[in-house]
Amino acid sequence: MPRRNIKIETRVEYLSILDDRGRVDTALEPKLDGDLLLYMYRMMLLTRRLDERLLNLQRQGRIGTYAPIRGQEAVQIGSVVGLRKSDWTVQAFREPGVSLHRGWSINRIIKFWGGYEEGCAVPEGVNDTPIAVPVASQLPHITGIAWGMKIRKKDDVVVGFVGDGGTSEGDFHEALTFAGVFKVPAVFVITNNQWAISIPRHKQTASKTLAQKAVGYGFDGIQVDGNDVLAVYVAVQEAVDRARAGKGPTLIEAVTYRLAMHTTADDPKKYRSDEEVKKWEKRDPVPRFEKYLRDKGVLDDKTVAELEEDIAERIRKGVAEHEATLDVNPVECFDYLYNEVPAELEDQRAEFAAALEREGVGTGD
Amino acid sequence: MPRRNIKIETRVEYLSILDDRGRVDTALEPKLDGDLLLYMYRMMLLTRRLDERLLNLQRQGRIGTYAPIRGQEAVQIGSVVGLRKSDWTVQAFREPGVSLHRGWSINRIIKFWGGYEEGCAVPEGVNDTPIAVPVASQLPHITGIAWGMKIRKKDDVVVGFVGDGGTSEGDFHEALTFAGVFKVPAVFVITNNQWAISIPRHKQTASKTLAQKAVGYGFDGIQVDGNDVLAVYVAVQEAVDRARAGKGPTLIEAVTYRLAMHTTADDPKKYRSDEEVKKWEKRDPVPRFEKYLRDKGVLDDKTVAELEEDIAERIRKGVAEHEATLDVNPVECFDYLYNEVPAELEDQRAEFAAALEREGVGTGD
Amino acid sequence: MAQMNMVKAINLALREAMTEDDGVILLGEDIGQDEGVFRVTEGLMKEFGEERVIDTPLAEGAIVGCAVGMALYGLKPVCEMQFSGFAYQAYHQIEGHMSRYRNRTRGRYNMGMVIRMPYGGGIRAIEHHSESREALYAHNPGLKMVIPSGPRNARALLIASIRSLDPVIFFEPKGIYRAFREEVPDEVETMPIGRAVVAREGSDITLISYGAMLRPTMEAAEDLSEEEGVSAEVVDLLTVSPMDTETIAGSVAKTGRAVVIHEGPRTCGVGAEVTARLIEKSFFHLEAPIRRITGYDVHFPYFASEQAFLPNAERIRHAARETLAV
Amino acid sequence: MAQMNMVKAINLALREAMTEDDGVILLGEDIGQDEGVFRVTEGLMKEFGEERVIDTPLAEGAIVGCAVGMALYGLKPVCEMQFSGFAYQAYHQIEGHMSRYRNRTRGRYNMGMVIRMPYGGGIRAIEHHSESREALYAHNPGLKMVIPSGPRNARALLIASIRSLDPVIFFEPKGIYRAFREEVPDEVETMPIGRAVVAREGSDITLISYGAMLRPTMEAAEDLSEEEGVSAEVVDLLTVSPMDTETIAGSVAKTGRAVVIHEGPRTCGVGAEVTARLIEKSFFHLEAPIRRITGYDVHFPYFASEQAFLPNAERIRHAARETLAV
Ligand SMILES: Cc1ncc(C[n+]2csc(CCOP(=O)(O)OP(=O)(O)O)c2C)c(N)n1
Ligand SMILES: Cc1ncc(C[n+]2csc(CCOP(=O)(O)OP(=O)(O)O)c2C)c(N)n1
Ligand SMILES: [Mg+2]
Ligand SMILES: [Mg+2]
């Protein structure tokens with residue numbers, strides 16, 4: 001056949017289960033027990049309320065610049081609730097929902113945005129990486145951790161995140177290339193929230209979908225409705241099961257929307273219309289899932305009220321805990337850099353401590 | 001449709017015109033005039049003979065490490081003979097055939113492997129870039145030059161090269177991403193010679209073809225028999241025509257084989273079998289094209305003999321020219337670095353010149 | 001003459017350079033529609049169109065790599081890295097091509113291109129947004145590394161950088177982007193790349209600095225004079241590489257003492273280079289060891305500690321005092 | 001004790017490290033089947049299998065980035081960059097993660113990983129294959145930058161680097177990979193990272209160097225002694241960062257004069273740092289300015305000029321003589 005089309009064997013699918021109004025496609029509906037469903041809802045709500053609170057704290061000048069996540073709760077919670085503790089998650093920089101589920105305290109989450117390294121100090125026993133600021137730079141770590149699992153012959157998996165913007169970086173390509181070649185147990189979740197600061201999805205790449213980028217790496221891709229927590233859950237769990245079974249990685253594009261600004265330093269009015277935002281507000285993943293749960297009888301007004309109260313209390317405590325621990329010893333920037341601290345650095349540490357003492361800044365030493 | 005396959009709209013094709021034995025598919029045969037066909041053959045033969053001579057010079061210690069290209073002549077000549085002078089070509093590091101067609105002297109080609117910057121001094125009036133040593137790093141330049149053409153509203157194009165190994169680098173991804181978004185007039189030719197030093201194609205990526213990587217960038221991909229100069233010519237010219245017409249970039253995977261070692265410092269017996277090499281020798285692009293031309297009546301014994309004589313003479317002259325100009329003034333490393341040379345550097349230049357004088361090395365100053 | 005802050009002054013320089021040469025092309029993340037995350041490119045896409053003020057996909061390597069291609073083609077690309085901490089994604093293009101192409105082709109191609117990047121601390125930003133790594137580029141042959149210290153020299157040096165046919169890394173001290181205003185002349189003004197200036201004359205000690213650190217250095221100099229009667233000369237390097245050895249050596253020949261001040265890490269930093277050059281040129285003028293007040297050899301801390309971490313006037317004054325006491 | 005060259009010594013260290021810790025994983029281009037382009041990994045894939053000696057696709061960023069992931073997971077990856085000139089493709093991973101992860105997570109994760117790279121001139125290679133940019137890594141907080149000068153210390157330092165829980169950049173002076181042999185003890189031997197050694201005792205002047213430059217430095221010292229009766233002390237840094245200030249300052253306290261020698265560019269190079277530290281610690285011992293014999297601030301020339309370009313014994317001796325004449 002001297003001229004013919006090449007058959008592409010990579011599977012690229014689309015999946016949604018709940019529609020915009022929370023109506024379920026019963027043929028695709030996963031059989032999840034009520035406790036798990038309720039837990040998922042609770043975590044989505046907690047994520048949303050914490051996000052609102054952080055935005056608020058920023059406006060009051062009580063933390064620094066903050067990157068809100070409103071609208072992306074389903075991607076975060078749906079992707080990780082099915083994992084084991086021994087599995088790993090690798091965040092981008094906008095996944096507090098993941099941290100909350102995985103066991104990070106609210107205090108620690110706030111600490112990051114408050115300007116404290118403690119916000120990246122992964123809690124003991126939690127197999128996560130912290131926020132990765134350089135976009136997409138965390139992707140090879142996903143491959144590397146998963147590769148470690150394979151070398152150590154564990155049946156654990158890694159679920160990791162990147163934004164739509166992050167798919168343009170070389171790290172995306174290299175991480176997926178290696179993942180494909182070494183068939184590592186990794187699930188790459190793209191949070192396609194339509195925007196990378198002011199750059200819309202269609203200016204990020206001429207590829208029609210992000211899921212189809214999997215074709216270049218020899219494994220499957222799937223685009224899911226990222227505002228449908230059931231679809232996210234199902235797609236990720238299928239990928240996780242395949243990864244555990246030694247069948248290699250999967251690329252998942254979760255189509256969602258960043259309802260708020262990029263960060264509190266950003267003015268989205270400069271680059272997008274209110275209509276667009278309104279259109280997406282109608283697809284908000286939280287009320288959509290709530291509707292489904294109410295229809296199912298898992299949730300009612302009373303439960304929602306209780307949840308809200310609980311969450312408010314948890315957040316109040318977290319903020320209080322954070323604000324009770326604002327003291328910082330600046331010389332600590334020397335203390336964790338190396339496992340074996342060089343003598344040279346001890347000298348500089350002493351120089352810094354002496355300067356601070358002269359300047360009347362406490363070092364706690 | 002809550003669960004469905006995503007239709008991939010990027011076209012990915014396969015093309016071959018001459019078969020292994022030089023028999024042509026007349027339906028696909030391009031209508032090229034005899035002069036051009038003969039020229040193509042002459043350039044392929046020149047490329048081959050120069051390659052043989054360079055290998056020889058290296059063995060005699062008259063140049064440094066050399067990267068032979070035997071077997072890849074069709075990709076190089078087929079890709080560029082259809083270009084205008086105002087078009088640009090961007091080499092990887094194994095494309096002497098491209099240079100020969102574009103107007104580089106044999107002396108200059110030898111100079112590179114002999115250890116002289118002159119080997120990268122692109123001749124005036126030739127719109128090429130020189131050898132790019134860091135694999136794939138030349139790819140964004142292809143995009144950038146083509147982008148310049150678009151900004152300057154020229155209908156010129158860029159044809160650029162990369163190896164199969166180079167497709168794994170982040171630069172590949174980023175260059176193609178940008179090319180797709182800005183629809184620049186660029187043709188990316190992958191010389192898939194099956195090996196990246198000791199790494200076989202299937203260990204480079206899990207993608208079944210390299211052409212299908214185009215799917216991730218939103219433009220078309222085509223895999224051609226890279227040992228069939230007519231197929232290469234047709235695929236590249238189609239892509240060039242599209243690019244000139246403002247229809248954007250194309251990715252071309254030319255399937256060929258590196259018949260010799262990676263470089264003269266390499267021992268391919270460590271990683272591949274003689275049988276594999278023998279199999280590919282049967283597909284050698286030069287005799288295959290010769291057979292076609294003889295069948296067509298464009299070539300006969302006499303012409304071949306004349307060509308060989310001519311080529312031998314040209315190469316002899318080029319080598320002689322090179323060896324008549326071996327003198328080097330080491331302080332010249334200061335002379336081309338900046339357009340406006342900093343005073344600081346003048347001091348260092350003087351320091352170097354003084355040292356050389358003390359050491360009895362001529363500087364020609 | 002108009003009063004303006006550094007953001008406005010840089011914006012002015014970009015507008016002027018684009019007006020005088022239609023080959024000047026800006027490219028970067030969020031520089032068009034959004035006008036840059038610091039609003040440095042305000043109004044430019046509107047004025048010059050989407051083909052000359054280009055919002056790129058998110059890939060620094062391609063921004064620089066494509067700019068190299070544009071420069072080969074004869075355009076004058078001016079790239080923005082959103083923060084200097086993300087230029088490492090492009091470092092292979094900077095080192096491998098931007099800094100080498102002219103030399104490699106024996107002058108056949110110039111690399112007339114600029115990479116602008118905000119650098120340095122002081123804006124309460126998250127990790128990777130506060131560092132100062134000018135030494136990385138100063139150590140790299142083939143580049144010119146420029147760092148203005150105020151609105152007026154920022155505008156003049158950026159014009160000179162864009163006009164230059166050599167590749168320039170242009171660091172913008174974002175900590176003082178909007179900290180103060182200066183008179184900026186109405187006509188296009190340039191300053192020579194590679195020349196330092198004496199920002200304050202003095203006779204007892206030389207304080208050498210640049211960028212955002214110039215302000216605390218000047219403050220220290222004033223304090224020393226007012227409170228201790230010490231006459232400190234301040235040299236503003238402006239170009240870190242090629243370094244203006246003559247000016248610093250000239251000053252130290254007069255004062256016999258020096259302190260170098262910068263934010264970046266100490267080891268193999270610009271302070272080390274200044275010291276080494278002063279030793280080579282002015283050893284016998286020196287009456288005391290040269291002191292370095294710099295960022296320490298650790299990563300820039302998260303912002304709760306940044307004010308404590310950054311070199312300040314008090315630390316500079318202390319070092320000067322100790323140097324004078326020798 | 002066995003006599004071996006540096007390639008064999010490094011190969012031995014890798015074998016020993018892999019034997020004592022099954023978490024040690026090698027990854028790089030052509031290191032398995034092909035046994036490395038310099039044959040440094042000879043026999044290792046055969047001995048330890050394809051899961052521990054991994055032939056990767058061609059992408060340095062992913063080699064380092066995946067190694068960071070493996071280190072997070074508790075493995076001890078040892079990456080090979082085929083040449084140091086291709087590590088820039090991975091620089092964002094080195095700077096952004098390898099050098100930061102421990103600090104960022106307040107010690108929750110160590111970055112127990114090593115990147116080996118052949119560096120330096122002398123092998124008649126094409127562009128990008130001959131440079132020396134140790135200062136790039138020395139300037140980067142959080143890394144340790146090790147450069148052996150012979151087979152024995154190469155083996156001992158590589159073992160120490162792999163055992164260390166801190167990230168190490170391990171530069172291999174490829175110009176002397178096979179230049180000479182040394183006795184290497186049968187038992188595993190280590191040397192402390194961060195300690196220089198006095199390679200030759202002397203009293204008149206201190207020559208400070210490392211890596212491939214140690215040989216011409218030693219040669220210069222011998223010549224100075226034999227031909228001019230000058231007693232030169234030679235300090236071999238071995239670790240460029242953290243730098244062993246005590247040893248160099250101690251030597252200069254004795255000799256009062258110093259020359260620093262390296263291949264890499266001069267500006268903001270290791271020579272600048274050595275000078276700055278000596279000024280800080282030993283100013284009043286110094287009787288003459290410190291001289292730097294280094295690569296110039298240009299790109300390493302194509303190989304027809306490399307022997308002329310590389311610092312040599314004659315240039316070192318000349319600088320020493322001039323320093324002694326002050
Ligand atoms: C390497 C790098 N370049 C630039 C930035 C600045 N920056 C922060 S977030 C962002 C956009 C990211 O877009 P996307 O990946 O879609 O994630 P989202 O913000 O939508 O969550 C940019 C450009 C960065 N953090 N890292
Ligand atoms: C960035 C970079 N990494 C590593 C190398 C060393 N190297 C030179 S050629 C090569 C293999 C290239 O393979 P491919 O792209 O298939 O081109 P081919 O050699 O087959 O022409 C490698 C690894 C390099 N030159 N550049
Ligand atoms: Mg996004
Ligand atoms: Mg190849």
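Numbers restart at 1 for each chain; the letters A, B, ... are given by sequence-line order, proteins then strands.
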- Query: Quick one: does C:Leu143's side chain get under 4.5 Å of C:Val168's, heavy atoms only?
  - Reply: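 The answer is no; the side chains never approach within 4.5 Å.
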Is it the backbone or the side chain of [X] that comes under 4.5 Å from a heavy atom of chain D, or both, or neither?
{"X": "C:Glu131", "value": "side chain"}
{"X": "C:Phe86", "value": "neither"}
{"X": "C:Ala87", "value": "neither"}
{"X": "C:Glu60", "value": "neither"}
{"X": "C:Tyr88", "value": "both"}
{"X": "C:Leu286", "value": "both"}
{"X": "C:Val326", "value": "side chain"}

- Item | Test of ring centre spacing under 6.0 Å for D:Tyr210 and D:Phe171 |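 Centroid separation for D:Tyr210 and D:Phe171: 6.0 Å or greater.
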Pick from [options]: which one has the most heavy-atom pairs with chain C under 4.5 Å?
{"options": "D:Gly271, D:Gly264, D:Pro141", "answer": "D:Pro141"}
{"options": "D:Pro301, D:Gly295, D:Gly142, D:Ala288", "answer": "D:Ala288"}
{"options": "D:Ser99, D:Gly96, D:Ser241", "answer": "D:Ser99"}
{"options": "D:Gln89, D:Arg100, D:His92", "answer": "D:Arg100"}

Salt bridge between [X] and [Y], side-chain N to carboxylate O under 4.0 Å?
{"X": "C:Arg266", "Y": "C:Asp297", "answer": "no"}
{"X": "D:Lys144", "Y": "D:Asp166", "answer": "yes"}
{"X": "C:Glu306", "Y": "C:Arg124", "answer": "no"}

Side chain / backbone / both / neither for [X] at chain C, heavy atoms under 4.5 Å:
{"X": "D:Ser282", "value": "neither"}
{"X": "D:Gln93", "value": "neither"}
{"X": "D:Ala90", "value": "neither"}

Among the options [options], pick out the one with the most heavy-atom pairs lying under 4.5 Å from chain D.
{"options": "C:Met243, C:Lys281, C:Glu280", "result": "C:Glu280"}
{"options": "C:Ile279, C:Thr275, C:Val274, C:Val298", "result": "C:Ile279"}
{"options": "C:Ala276, C:Ala272, C:Gly61, C:Pro289", "result": "C:Pro289"}

- Any chance you could lay out the side chain to side chain contact (heavy atoms under 4.5 Å, CB included) test for C:Ile261 and C:Leu207, step after step, and finish with the verdict? CA-CA 7 Å; C:Ile261 302 100; C:Leu207 308 179; 4.1 Å; yes
- Task: Over all heavy atoms of both residues, which pair between D:Arg292 and C:Arg277 is shortest? Give the atoms and the distance, please.
- Result: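 For D:Arg292 and C:Arg277, the tightest heavy-atom pair comes out as NH2-CG, 3.9 Å.
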- Query: Do you know which two heavy atoms are closest between C:Leu324 and C:Asp204, and how far apart they sit?
  - Reply: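 Shortest heavy-atom contact: CD2-O, 3.8 Å.
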- D:Phe83 and D:Tyr119: ring pair (Phe, Tyr, Trp, His ring centres under 6.0 Å), yes or no, with the steps? CA-CA 6 Å; D:Phe83 289 87; D:Tyr119 88 97; over 10 Å; no
- Determine the interplanar angle of the C:Tyr91 and D:Tyr91 rings, folded into 0 to 90°, and report it as parallel if under 30°, tilted if 30 to 60°, perpendicular if over 60°.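 Correct class here is tilted.
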- Item | More than 12 heavy atoms from other groups under 6.0 Å of CD on C:Glu246 |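 For C:Glu246, atom CD is not crowded (no more than 12 foreign heavy atoms under 6.0 Å).
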- Task: List the steps, then state whether side-chain hydrogen bond (donor to acceptor under 3.5 Å, both in side chains) holds for D:His97 with D:Arg104.
- Result: CA-CA 9 Å; D:His97 294 295; D:Arg104 176 187 291 147; 3.0 Å; yes
- Message: Could you walk me through whether D:Leu237 and D:Ile147 satisfy the side chain to side chain contact (heavy atoms under 4.5 Å, CB included) test, starting with their C-alpha distance in whole Å, then the side-chain angles of each, then the deciding distance to 0.1 Å, before giving a yes or no?
- Response: CA-CA 8 Å; D:Leu237 286 180; D:Ile147 314 187; over 6 Å; no
- Hey, mind stepping through C:Arg257 and C:Ile290 against side chain to side chain contact (heavy atoms under 4.5 Å, CB included) and telling me if it holds? CA-CA 7 Å; C:Arg257 296 169 203 268; C:Ile290 297 159; over 6 Å; no
- Item | Those residues of residues 133-140 of chain D, ordered by number, that approach chain C below 4.5 Å (heavy atom to heavy atom) |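 Hits under 4.5 Å: D:Arg133, D:Ala135, D:Leu136, D:Ala138, D:His139, D:Asn140.
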